[in-house]
Amino acid sequence: MSRLLIQCLHLFKSYSSIVLFDDISLSINEGDIFALIGENGSGKTTLLQIVRENVIPDSGKLYKASLLTIGYLPQVVHCDDFEITAREYLNEGPCSNIERQMSQCIQDPERLQEWESLHEQYEKLGGYRRIPLEQIVHGLKIQIPLLDMKMQELSSGQR
């Protein structure tokens, strides 16, 4: 028999007069594969937030196995310029910013201690372990042409 990881019993959640869900019950056992499907605004993200214990249900019970870790990648992308392509956005990550700062420091002998600190941050962020975007995208089963589309042309899920 597989181990019970998560159990939700009779969950109810609303925001003001808007009921997201009423009387949801589910069990997830070790080895289960499942999908959470629903229309926009139907409460999928809220349910995940409840399971992660970031949101409290109005009523119902949540049980989680001890020492269970839940990974979660939010769907919100913070982008200042939605005219850039996905490739440009991904190439402008925190490592790129640190690379620019390191380059400026290496030109000035007075800033070598600052370079050393930046270098430590760079290594912690995996700066030397960069993998080509196409390889990552292919591994995630995402179509490579999406990399060259503007951020504004992508759906929130594609972003």
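It should be emphasised that the depicted structure is a prediction, and the values quoted were computed from it without experimental measurement.
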Separation of Gln135 CD from Ile144 CD1 (nearest 0.5 Å): 10.0 Å

Contact check, side chains of Leu48 and Leu36, non-hydrogen atoms, under 4.5 Å: yes

Side-chain ion pair, Arg87 and Glu134, N-O less than 4.0 Å: yes

Nearest heavy-atom neighbours spanning Gln107 and Pro109: O-CD, 3.8 Å

Gap between atom CG of Leu5 and atom CD1 of Ile70 - 0.5 Å precision: 9.0 Å

Crowding at CD, Glu116 (>12 non-hydrogen neighbours, <6.0 Å): no

Heavy-atom side-chain contact between Ile6 and Tyr63 under 4.5 Å: no

Candidate pair Leu20 and Ser42, rule side-chain contact (heavy atoms from CB on, under 4.5 Å), full reasoning: CA-CA 6 Å; Leu20 284 181; Ser42 63; over 6 Å; no

Exam field: side chain Thr85 to backbone Glu88, donor-acceptor pair closer than 3.5 Å: yes

Side chain to side chain, Asp23 and Phe12, heavy atoms closer than 4.5 Å: no

Phe21 reachable from Ile56 in the ILVMFWY side-chain graph, under 4.5 Å edges: no

Main-chain N/O of Ser14 paired with Asp58 side-chain donor or acceptor, under 3.5 Å: yes

Heavy-atom neighbours of Asp80 CG exceed 12 at 6.0 Å: no

Ser2 OG to Asp32 CG distance, which is reported to the nearest 0.5 Å: 6.0 Å

Leu68 with Leu47, same ILVMFWY side-chain cluster at under 4.5 Å: yes

Check: Ile84 and Met151 side chains under 4.5 Å, non-hydrogen atoms: yes

Leu26 side, atom CG; Leu9 side, atom CG - distance, nearest 0.5 Å: 8.5 Å

Min side-chain heavy-atom separation Cys105-Leu118 under 4.5 Å: yes

Charged N-O contact under 4.0 Å between Lys44 and Glu39: no

Heavy-atom neighbours of Leu112 CG exceed 12 at 6.0 Å: yes

Sidechain-backbone polar pair: Asp148 side chain, Pro145 backbone, donor-acceptor under 3.5 Å: no

Flag, side chain of Ser25 to backbone of His10, donor-acceptor distance under 3.5 Å: yes

Single-linkage hydrophobic cluster, 4.5 Å side-chain cutoff, Tyr89 and Ile142 together: yes

Tyr15 six-ring centre to Lys13 NZ/CZ under 6.0 Å and within 45° of normal: yes

Side chain proximity check, His119 to Met102, heavy atoms < 4.5 angstrom: yes

Side-chain heavy-atom pair Lys150, Phe82 within 4.5 angstrom cut-off: no

Approximate separation, where rounding is to 0.5 Å, of Glu120 CD and Ile98 CD1: 11.0 Å

Student check: side-chain heavy atoms of Ile50 and Leu11 closer than 4.5 Å: yes

Value rounded to 0.5 Å, distance of OG1 in Thr69 from NZ in Lys64: 8.5 Å

